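Presented below is the structure to which this report refers.
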Amino acid sequence: MPELPEVETVRRGLNQLTLNQNITGGDVLLNRTIAYPFSVDEFIHEIKGSAIMTWHRRGKYLLSELSSSAGYLGVHLRMTGQLLWLHRDEPLHKHTRVRIFFGDQQELRFVDQRTFGQMWWVPPKVAVESVMTGLAKLAADPFSPEFTVEYLAAKLQNRRRPIKTALLDQSVVAGLGNIYADEALFKCGVLPETLCTDLQLKQIQQLRQVIIEVLETSIAAGGTTFSNFLNVKGINGNYGGVAWVYNRTGEPCRVCSNVIQRIKLGGRSSHFCPQCQR
DNA sequence: CAACTAGCCTGCAGGC
DNA sequence: TGCCTGCAGGCTAGTT
């Protein structure tokens, strides 16, 4: 499940490999992967002939600027999406959904087992948020100057919902998913079911700090291994092994040896240490 | 408006 | 061995 660090890792890889490469064509193997436009033929037609200028990231969304003012190419990996930079002769993976062809027999291949991943072509002179509608409600990026304690406190103020649920809400903080939300809550010693309104300002300060730390650590390591994440070159990250609580139900806490517990919040698993988190 | 839930989808683990 | 159930979870749409 790619979260901000994995998406950022992919972005950096794409910026190393795909810049100034001219799109010569493409093939859509699963139509509903293309969220816009409705016609997959139009999608291929519109991106063809352009070069990739720069890849940007907003939350977990990837956006590439197309040359000659040809708009943008947008990608969301959702849970199992992978972007792989391959030679075009590479045998097709079972879950190949979209292929984008470049010169020198190179290919950007979108492989996605669970088919939730999406791609968009955003026409020029159109607000990207109007096409990639998820962008419209996106909160500040945790690494932006905008993501201050005051900003986070305002988002959590008077909210009677669990902090874990709030952290997964992309309009509260952009880029967190289930892994890093659990890890951040462990690191600041807060139970996932704690209501937002019950958090002290000091705890929100800590929370902001650990969110940034946890994400930075993972980016530095090239993304997580405790998912089937692969970077653009098909390599797994190496954040793995150091998860404090995520997916460690029944195992001893790395700090106090108490048994890691799991509860469901908002239909999602939350892992925590009942001793270290209060 | 806030909070919550179902649904989308495939593969895999565990029970019997 | 094979069938069944539950689980994995980002995001949207719909309900309370």
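A, B, ... follow the sequence lines: proteins, then strands. Residue 1 opens every chain. Model, not experiment: these values are computed from the prediction.
- Residue A:His76 places at least one side-chain N or O under 4.0 Å from the OP1 or OP2 atom of C:dC11.
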Look for any protein N or O under 3.5 Å of an N or O in nucleotides 13-16 of chain C and output each such pair with its distance, or none.
none

Between the protein and nucleotides 2-6 of chain B, are there any N/O to N/O pairs under 3.5 Å, and if so, what are the atom names and distances?
| from | atom 1 | to | atom 2 | distance (Å) |
| --- | --- | --- | --- | --- |
| B:dA3 | OP1 | A:Arg160 | N | 2.6 |
| B:dA3 | OP2 | A:Arg159 | NH1 | 3.1 |

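- When the C1' atom of C:dG10 is taken as reference, atom CG of A:Leu135 falls 14 Å away, rounded to whole Å.
- Between A:Gln170 and C:dC11, a side-chain N or O to OP1/OP2 separation shorter than 4.0 Å is present.
- No more than 12 heavy atoms of other residues, nucleotides or ligands sit less than 6.0 Å from atom NZ of A:Lys48.
- Closest to the A:Arg262 side chain, of the nucleotides C:dT12, C:dG10, C:dC7, is C:dC7.
- Checking B:dC9, C:dG9, C:dT12 against the side-chain heavy atoms of A:Arg32 singles out B:dC9 as nearest.
- Looking at A:Thr80 and A:Arg114, their side chains never bring a donor and an acceptor atom within 3.5 Å of each other.
- Listed for the A:Tyr180 side chain is no donor-acceptor partner under 3.5 Å among the backbone atoms of A:Glu3.
- Put simply, A:His95 has a side-chain N or O that comes within less than 4.0 Å of OP1 or OP2 on B:dG11.
- Comparing C:dG10, C:dC11, C:dA8 by their closest approach to the side chain of A:Glu3 singles out C:dG10.
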Quiz prompt | Test side chain to side chain contact (heavy atoms under 4.5 Å, CB included) applied to A:Ser269 and A:Lys264, step by step | solution = CA-CA 5 Å; A:Ser269 285; A:Lys264 280 245 167 187; 4.2 Å; yes
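- Distance, A:Gln82 CD to B:dT10 C1': 14 Å, rounded to whole Å.
- In this model, no side-chain donor or acceptor of A:Arg114 finds a partner on the base of B:dG11 within 3.5 Å.
- Between A:Tyr61 and A:His76, the ring-plane angle classifies as perpendicular under the 30° and 60° cut-offs.
- For the side-chain contact (heavy atoms from CB on, under 4.5 Å) with A:Val40, the lone residue among A:Val28, A:Val98, A:Thr33 that qualifies is A:Val28.
- Nearest nucleotide to the side chain of A:Tyr61, out of C:dG10, B:dT10, C:dC11: C:dC11.
- Atom pair A:Arg248:CZ and C:dA8:C1' shows a separation of 19 Å (rounding to whole Å applied).
- Not one side-chain nitrogen or oxygen of A:Tyr180 sits closer than 4.0 Å to the OP1 or OP2 atom of C:dG9.
- Here the CG atom belonging to A:Leu138 is positioned 8.5 Å from the OG atom belonging to A:Ser171, to the nearest 0.5 angstrom.
- Proximity of A:Lys94 to the phosphate of B:dT10: no side-chain N or O atom is located under 4.0 Å from OP1 or OP2.
- A:Asp112 has its CG atom 16 Å from the P atom of C:dG9, to the nearest Å.
- The side chain of A:Lys264 lies closest to C:dA8, out of C:dC11, C:dA8, B:dG11.
- Each of A:Leu83, A:Val75, A:Ile219, A:Leu62 was compared with A:Val7 under the side-chain contact (heavy atoms from CB on, under 4.5 Å) criterion, and only A:Leu62 meets it.
- Of the candidates C:dT12, B:dT10, C:dG10, the closest approach to any side-chain atom of A:Thr115 belongs to B:dT10.
- The separation between A:Met79 atom CE and C:dC11 atom P is 9 Å, rounded to whole Å.
- Inspection of the A:Arg109 and A:Thr96 side chains reveals no N or O donor paired with an N or O acceptor under 3.5 Å.
- Put simply, CG on A:Leu4 is 14 Å from C1' on C:dG10, counting in whole angstrom units.
- With values rounded to the nearest 0.5 angstrom, A:Arg12 atom CZ is found 12.0 Å from A:Asn231 atom CG.
- Salt bridge A:Arg161/A:Asp169: present, at least one basic N to carboxylate O contact under 4.0 Å.
- Contact annotation: A:Ser269 side-chain N/O to C:dC7 OP1/OP2 distance is not under 4.0 Å.
- With rounding to whole Å, A:Asn247 atom CG is found 15 Å from C:dG6 atom C1'.
- Residue ring and base: A:Phe116 does not count as stacked with C:dC11 (centre distance below 5.5 Å and interplanar angle below 30° not both satisfied).
- The distance between atom CD of A:Gln118 and atom P of B:dC9, rounded to the nearest whole Å, is 12 Å.
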